[in-house]
Amino acid sequence: MKDIDTSELSWDEWDELHDPRPAENGFDKVVDEAISRRGFLGGVLAFGSGAAVMGTGTLLGTTSAEATTKSRFPFEALPIQTDATVHVPPGYKWSTLVRYGDPLFSDAPAFSQTETLPSSGADRVMGENTDGMELFEIDGKEVIAVNSEYVNTKINLVSTGGEVTSAEEVNVLQKLQGVNVFEVTRTDSGWGVVVDSPFNRRVTHQTEIEITGPAAGHDLLKTDADPTGTTVLGSMNNCGAGKTPWGTYLTCEENFNGYFGSTDESFERPADFKRYGINLEGRYAYEKYDARYDISKNPNEPYRHGYITEIDPADPTSTPKKRTALGRFKHENAACVIAPSGHLVVYMGDDERGEYMYKYVSDNTYAPGGDTDDLMENGTLYTAKFNWDGTGEWVELSEDATGMTKAEICVLTREAALRVGATTMDRPEWVAVNPVAAEGYCALTNNSRRQVVQDDGSLRTNAAGQEMTTNAPNPRAENRYGQIVRWYPSNDDHAASTFRWDLYCMVGNPTVHSDAYAGSPNMNEGNLFNSPDGMMFDSAGILWIQTDGNDDNEGDFEGNGNNQMLAGDPVTGEIRRFLTGPNGSEVTGVTWSADKKTMFVGIQHPASPFPDGDGTLARSSIVAVWREDGAPIG
Ligand code: FEO
Ligand code: CA
Ligand code: CA
Ligand code: CA
């Protein structure tokens, strides 16, 4: 491990490196034909009602015929790109809205290409690694809330070449992550941040946050610094996001495990630490300089993270709230919808290989303008169970079924879901709910370990030790492309406990493969991509798909180019490339201006000097995209 530059690993790769489970000595022994490729096709045929080939099987949501229906997209498909900048189709323009390190307040330190920001000002600038975002209209102003998921130490600690050598550097890193809230406006020179707007705010790893819901005050959440278990510092690894119907921002704590470590190498981790990937070595050496992250000194601190935190963007003095009722896992994002009965439904994914999908349904109902504080306090968690026959069930994480208390279900949610038979998924990333049809979508980004046989003949497992056998919505072994699963709740009611499902897209590469890895018929030479991740519907019901995949443009990924954003038509199945990011970057996070004429898109961890060109640091940025003719784009 000493020879690896860990600063450039994805979180998935970081977990892989620290995985305490069996080594990858069986990695090359992928399942043989009988189980895998042709076997997969057979599996579809086995239940399909007369369907002859993949693509007309009922598990695949689109057919070749549908995919040739007249396009609803008003733009030309963008070819792949491999360079260091952003591209959009003819008739569209883009400009940079904000970069990592840009000031949110006029007292912010000036950005330097060669010196690390001082910790005193690191929370007065736009944080690093933009991710989930939402735009709010507040008193006629436009306010963006956007996550700063993690850090790129070589960029953020430029003075030390990325090394964490002191408490000062930990302090800088803690302040560069979390959430940014800022007002934006369009002037003659384009979109920009309103520096010093009264709405501007940073929420960091040091911000005081109230713990609410069933787990608040539970013994597991009590620490010496907070003996009541009700107040925590920081929201961490803020990945995707969500917006409540009442206009608050939901920030989702994903790879929180990576911040914890132990200065005592003999510290015995409880089983649930292993399940959540909490290890003896933290990714940024926090544990060496801030005892709160040292599990040998503060073993309960990790139980206080891994939740969804609600922030009111209209009130920068408000205390954010960790909503433990929504469970504790590696939260990707949160898609809120109000059921016909008025109940709040929140769909969520747990992004790790072989983890599960979840749904929360409130006890009380939503009334516009009414009191909403209880809606994410009292409710029920469910986990998804998919069947081969195209049906599925949201299984309640009840005290009876799990043998756990309500508080335990909210803290050790993975264990609760395991006990009720949740379906292991290929890394659930964003969930999106169609605003014009009763259906939900989840991007299952990839799972290199699905159906991989080890030397002893057993299959690779998830963190709970469950073998990751191929299953209905995750039907391919060693899944390197990903898929997008779609479900239709019974009676068009998102609160219903049953659904039917199909695959909106099985991502693949038909120019390289002719088997299941070619993908579903709505994949073609003109729209190749891999590893769907960010997903958001626009108001017209178009699904915007963002990727966080392999951009080598070689082998399995030939013809994919850089990571990108595509538009997907839920009705015809058509998918068309709209935007490409600079090489090395992930495209993640999308929201719209109030008039829908501008789309804001996040560019995370570019590898090359973006957006300012040669000789400058690569800075994660949000770009504004608009049509030259001024028409809405979403
Ligand atoms: Fe932060 Fe699962 O992406
Ligand atoms: Ca993501
Ligand atoms: Ca990802
Ligand atoms: Ca990422």
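This chain uses plain numbering: 1 for the first residue, then up along the sequence. Whatever order the structure lists them in is the order used to number ligands and atoms, beginning at 1.
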Below 6.0 angstrom between ring centroids: does that apply to Y286 and Y259? yes
Please determine whether E254 has a backbone or side-chain N, O or S atom lying under 2.8 Å from atom 1 (Fe) of ligand 1. yes
As a test of reading the structure, name the N/O/S atom of E332 that is nearest atom 2 (Fe) of ligand 1. OE1
For atom 2 (Fe) of ligand 1, find the closest N/O/S atom on D351 and give its atom name. OD2
Cation-pi check, R476 onto Y517 ring (under 6.0 Å, within 45° of axis): yes
Are R328 and Y276 in a cation-pi contact, defined as NZ or CZ under 6.0 Å from the six-membered ring centre and within 45° of the axis? yes
Is [X] close enough to atom 2 (Fe) of ligand 1 to have an N, O or S atom under 2.8 Å?
{"X": "D548", "result": "no"}
{"X": "E429", "result": "yes"}
{"X": "D533", "result": "no"}

Restricting to N/O/S atoms, is [X] within less than 3.0 Å of the Ca ion (ligand 3) or not?
{"X": "D533", "result": "yes"}
{"X": "D548", "result": "yes"}
{"X": "E429", "result": "yes"}

Determine the sole option in Q564, H87, Q81 for which the side chain to side chain donor-acceptor pair (under 3.5 Å) test with R577 is passed. Q564
So how far is it from E439 CD to H494 NE2, rounded to the nearest 0.5 Å? 8.0 Å
Are the side chain of T424 and the backbone of G354 linked by a donor-acceptor contact shorter than 3.5 Å? no
Report, rounded to 10°, the angle at atom 1 (Fe) of ligand 1 between the two atoms OE2 (E149) and SG (C239). 100°
Heavy-atom closest contact (T324 atom, A215 atom, distance): OG1-N, 3.1 Å
